[in-house]
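Comments concern the structure below.
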Amino acid sequence: MRILGFDTATPATAVALLDTGTGAIREGRDDPPPGARPRHTTTLMPLVLAQLDALGVGWDQIDRIAVGVGPGTFTGLRIGVATARALARARAIGLVGVSTLHALARGALDEPGDHDAVLAVIDARRGEVFAAGWTVEEVAAAGAAPLLEPRPQPPDELARELPALGRSWLAVGNGAVEFRQALERSGARILDDDSRRNRVSAVEHCRLAAALEPKPAEGIRPEYLRLPDAEISLRAARQS
């Protein structure tokens with residue numbers, strides 16, 4: 001099975017192509033420098049086509065598309081999911097939605113250490129994070145129930161919650177890096193800022209999608225988990 005996966009939930013644009021039969025993997029990404037705006041609109045399709053060309057794969061040879069459904073930025077998720085839906089419809093390819101947090105956590109599966117659970121943390125801006133956690137034993141399984149359900153919350157609140165779960169946590173993601181001090185106070189271990197484990201990898205979307213059933217394109221929806229920043233600002237302005 002050949003699976004095309006991509007994610008635009010974070011500032012990065014991550015794309016991968018996985019052939020489950022041969023094990024061939026091709027991955028491309030665009031990581032804007034700190035403070036720069038995401039470039040999902042201009043980089044997503046060129047990255048997709050580059051991976052197909054690199055492995056000599058045509059659209060008629062793609063069996064499944066896996067798209068990150070978040071949580072993440074409103075605009076980024078909208079671009080990624082809309083693109084996935086359009087490709088799935090136009091090419092008659094099965095479509096699967098994959099949790100960006102689950103893919104991020106799965107990417108740390110083989111990280112050495114004495115942790116028994118992995119916490120994926122994405123910077124949600126406005127002083128909040130999106131976070132979810134899985135045991136090491138279950139993080140590789142598609143559809144595995146998380147120990148910690150994804151939701152937006154302040155990092156200090158998340159840090160207070162972790163010890164009560166009775167696990168030894170490895171935390172990964174740009175949110176773990178951004179709020180390192182708060183999470184380390186909870187006992188979680190955070191990798192170096194530049195560790196590749198802190199970046200969403202579309203390869204993990206492909207691996208998770210291999211065990212999931214495709215859905216109709218209209219059934220794949222972004223998991224925003226909260227209102228867009230513009231709507232939050234508008235409501236705050238109306239109340240002031």
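The model shown is predicted, which means the values in this text are computed figures rather than measured ones.
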What's the separation between atom OG1 in Thr10 and atom CZ in Phe130, rounded to the nearest 0.5 Å? 12.0 Å
Report whether Met45 and Val15 are members of the same hydrophobic cluster (ILVMFWY, side-chain heavy atoms less than 4.5 Å apart, transitive linking). yes
If you apply the rule side chain to side chain contact (heavy atoms under 4.5 Å, CB included), what do you find for Val57 with Gln51, and how did you get there? CA-CA 8 Å; Val57 174; Gln51 310 325 304; over 6 Å; no
Using modelled atom types and a 3.5 Å cut-off, is there a donor and acceptor pairing between side-chain atoms of Asp7 and backbone atoms of Ala202? no
Quick check against the 3.5 Å criterion: does His102 have a side-chain atom that pairs as donor or acceptor with the backbone of Ala140? no
Does a side-chain heavy-atom distance below 4.5 Å link Arg151 with Glu128? no
Connected via hydrophobic side-chain network under 4.5 Å: Val98 and Ile25: no
What one should report as the nearest heavy-atom pair of Ala108 and Val172 is CB-CG1, 4.0 Å
With the 4.5 Å side-chain cut-off for hydrophobic clustering, are Val96 and Ile220 part of the same group? no
Working to the nearest 0.5 Å, report the span between CG of Leu225 and CD1 of Ile122. 9.5 Å
Take atom CG in Asp114; do more than 12 heavy atoms of anything else shown fall under 6.0 Å from it? no
At what distance, to the nearest 0.5 angstrom, does CD of Glu184 lie from CD of Gln181? 8.0 Å
Do Leu18 and Val203 make a side-chain contact, defined as non-hydrogen atoms from C-beta onward lying under 4.5 Å apart? no
Got a sec, which residues hit side chain to side chain contact (heavy atoms under 4.5 Å, CB included) with Glu218, two or more places apart in sequence or on another chain? Arg89, Pro216
State yes or no: do Met1 and Leu17 share one hydrophobic cluster built from I, L, V, M, F, W and Y residues joined by side-chain heavy-atom distances below 4.5 Å, directly or via other members? no
How far apart are the closest heavy atoms of Ala9 and Gly70, and which atoms are they? CB-CA, 4.1 Å
Counting only N and O atoms by type, is there a donor-acceptor contact under 3.5 Å from the side chain of Asn174 to the main-chain atoms of Asp123? yes
Hey, are Arg2 and Asp19 close enough for a salt bridge, meaning a charged N less than 4.0 Å from a carboxylate O? yes
Nearest heavy-atom neighbours spanning Ala14 and Arg29: CB-NH1, 4.0 Å
Specify the closest pair of heavy atoms between Leu101 and Pro150, including all atoms of both residues, with the distance to one decimal. CD1-CB, 3.6 Å
Give a yes or no on this: more than 12 heavy atoms of other residues, nucleotides or ligands lie within 6.0 Å of atom CD of Glu161. yes
Has the side chain of Arg197 got a donor or acceptor atom that lies under 3.5 Å from a matching backbone atom of Gly107? yes
May I ask you to say whether Arg26 pairs ionically with Asp53, meaning some side-chain N is under 4.0 Å from a carboxylate O? no
Heavy-atom closest pair, residues Leu77 and Glu223: CD1-O, 4.1 Å
Does any N or O in the side chain of Arg180 come within less than 3.5 Å of the main-chain N or O of Leu191, such that one atom is a donor and the other an acceptor? yes
Are the side chain of Gln61 and the backbone N or O of Gly58 linked by a donor-acceptor pair below 3.5 Å? yes
Is there a side-chain contact between Leu109 and Trp134 (heavy atoms, below 4.5 Å)? no
Just wondering, do Leu52 and Ile62 contact through their side chains at under 4.5 Å, heavy atoms? yes
Would a 4.5 Å heavy-atom cut-off, applied to side chains only, mark Leu95 and Arg85 as touching? yes
Might you point out which heavy atoms bring Asn198 and Asp193 nearest each other, and give the distance in Å? ND2-O, 3.6 Å
Is it the case that the side chains of Glu27 and Ser201 hold a donor-acceptor pair, with the cut-off being a distance below 3.5 Å and no angle test? yes
Nearest 0.5 Å, what's the CZ-CD1 distance between Arg39 and Ile79? 13.0 Å
Atom CZ in Arg167, atom OG1 in Thr135: separation rounded to 0.5 Å? 6.0 Å
Any side-chain to backbone donor/acceptor pair from Arg64 onto Ala209? Under 3.5 Å, distance only. yes
Side chains of Phe6 and Leu44: closer than 4.5 Å at any heavy-atom pair? yes
From CD1 (Ile93) to CD1 (Ile3), nearest 0.5 Å: 12.0 Å
Taking Leu104 as the starting point, is it possible to reach Leu170 by hopping between hydrophobic residues whose side chains are less than 4.5 Å apart? yes
Using a 4.5 Å side-chain heavy-atom cut-off and chaining through intermediate ILVMFWY residues, the residues clustered with Leu158 come out as Leu119, Val121, Val129, Leu147, Leu148, Leu162, Leu165, Trp169, Phe179, Leu183, Ile190
